[in-house]
Amino acid sequence: MKVENLFREKRPVISFEIFPPKRDTELKNIDGTLEILSRLNPDFISVTFGAGGSATNNKTIALAKKIKQEYGITPIVHLTCLNYSKNEMDELLAELKENEIENVLALRGDRNPDIEPKKEFHYATDLVKYIKAHGDFDVCGACYPEGHTEAESIVADIQHLKEKVDAGATHLISQLFFDNNIFYSFQEKTKLAGINVPIEAGIMPVINKAQIERMVTLCGASLPEKFQCMMNKYENDKDALFDAGIAYAVNQIVDLLAHDVDGIHIYTMNNTKVAERICKGIENLI
Ligand code: FAD
């Protein structure tokens with residue numbers, strides 16, 4: 001099913017994000033993870049893709065195929081474009097068609113100082129246009145409630161987001177954030193900019209300190225005082241931090257659902273316990 005149609009039928013949409021295993025042998029072992037995630041009945045599962053030059057990328061489409069064929073769940077395949085040529089993209093799109101995978105999250109990908117970009121695609125919008133012109137795919141895009149780290153301003157970022165939607169992105173999935181007010185303010189700005197497609201709120205439950213430090217460095221998410229207080233209190237107690245991180249994410253989701261968000265995208269990090277606990281916490285709300 002095209003995710004575009006899913007949003008016409010159901011709100012809020014609840015989705016999971018997973019990453020492909022690094023080794024072939026692990027692709028077999030991922031069944032245990034998919035068994036559990038499928039029982040939680042997500043509306044779709046998206047599968048990440050490397051920014052280029054990574055052997056793991058071979059597994060993204062294989063994993064999406066498994067999700068669709070063996071678990072009957074709609075997959076979205078992430079594709080990045082900065083380090084790919086149009087010929088390489090054609091091959092990836094042909095593989096998607098062959099496997100009847102209809103949904104793509106079109107991304108630019110992060111710049112890697114060790115890899116010279118192919119300079120055939122510069123921005124995600126170029127990829128959205130290319131995919132729309134080369135097949136019958138539903139294409140979605142990423143968005144950044146606090147602005148993308150490279151954007152000259154949040155206004156410029158939203159203008160570029162509007163270009164991405166005008167190019168054919170039918171829905172948006174947000175970067176993680178820990179302060180819902182930032183998301184609500186972003187929603188208002190997108191409406192003012194004439195962006196009228198559904199926007200899913202990206203939620204990453206924080207379950208260890210190293211993870212949050214890495215995330216904040218990578219995406220620049222700001223940390224509200226109550227979040228920092230929680231981290232400081234429980235950073236040395238793994239189990240307590242897990243409980244607190246889940247409770248924080250559930251609270252965020254409850255508030256987002258009360259504000260009628262279009263969807264919740266859970267960055268599961270392939271951790272089934274995280275997905276189970278979050279879903280349990282909101283089971284009567286969705
Ligand atoms: P773009 O939309 O192209 O934006 C990148 C920057 O360029 C922004 O600052 C934007 O304002 C600016 N810009 C856009 N158009 C123009 C223009 N015409 N002129 C000037 N500036 C412009 N990365 C991966 O490698 N693999 C993944 O699987 C992956 N999944 C992700 C999933 C989600 C939901 C999100 C939010 C991010 C994901 N990322 C992933 C990270 C993403 O690749 C990076 O954040 C990347 O730096 C930007 O990608 P983008 O598609 O948002 O880029």
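For ligands, and for the atoms within them, numbers begin at 1 and follow the listed sequence.
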### Message
Suppose I only count heavy atoms of Asp157 and a 4.0 Å limit; which atoms of ligand 1 are within that range?
### Response
8 (C), 9 (O), 10 (C), 11 (O)

### Query
Are any side-chain N or O atoms of Gln228 and backbone N or O atoms of Leu223, one a donor and one an acceptor, separated by less than 3.5 Å?
yes

### Query
Is it true that Glu150 and Arg111 make a salt bridge, defined as a side-chain N closer than 4.0 Å to a carboxylate O?
yes

#### Entry: Heavy-atom check, side chain of Ser174 versus side chain of Glu200, under 4.5 Å
no

### Message
I need the atoms of ligand 1 closer than 4.0 Å to a non-hydrogen atom of Ala142, numbered in the order shown.
### Response
35 (C), 36 (C), 52 (O)

#### Entry: Side chain, backbone, both or neither: the part of His265 lying under 4.0 Å from ligand 1 by heavy atom
neither

### Query
Do NZ/NE/NH1/NH2 and the carboxylate oxygens of Lys209 and Glu235 come within less than 4.0 Å?
yes

### Query
Can Glu163 be said to touch ligand 1, with heavy atoms closer than 4.0 Å?
yes

### Query
For ligand 1, is any non-hydrogen atom under 4.0 Å from Arg111's backbone (N, CA, C, O), its side chain (CB onward), both, or neither?
neither

### Query
If you measure from each heavy atom of Tyr267 to ligand 1, is any distance below 4.0 Å?
yes

## Note on the structure
Glu102 and Met1 have their tightest heavy-atom pair at OE1-N, 3.0 Å

### Task
Measure the distances from the heavy atoms of Leu105 to every atom of ligand 1 and state whether one is below 4.0 angstrom.
yes

### Query
With distance as the sole criterion, is a donor-acceptor pair present between the side chains of Asp243 and Tyr248 under 3.5 Å?
no

### Summary
Going by the 4.0 angstrom heavy-atom rule, the piece of Leu161 near ligand 1 is neither

### Message
Are Val197 and Phe7 packed together at the side-chain level, in the sense that at least one heavy-atom pair is separated by less than 4.5 angstrom?
### Response
no

### Task
Give the contacting part of Arg108 toward ligand 1: side chain, backbone, both or neither, where contact means a heavy-atom distance below 4.0 Å.
both

### Query
Is Phe19 in contact with ligand 1, taking contact as a heavy-atom separation below 4.0 Å?
no

### Query
Are there protein heavy-atom neighbours of atom 4 (O) of ligand 1 below 4.0 Å?
no

### Summary
Checking heavy atoms under 4.0 Å, the part of Thr80 that sits near ligand 1 is side chain

#### Entry: Side-chain touch Glu88/Lys118, heavy atoms, less than 4.5 angstrom
yes

### Task
Answer with yes or no whether Gly109 contacts ligand 1, where contact means a heavy atom under 4.0 Å from a ligand atom.
yes

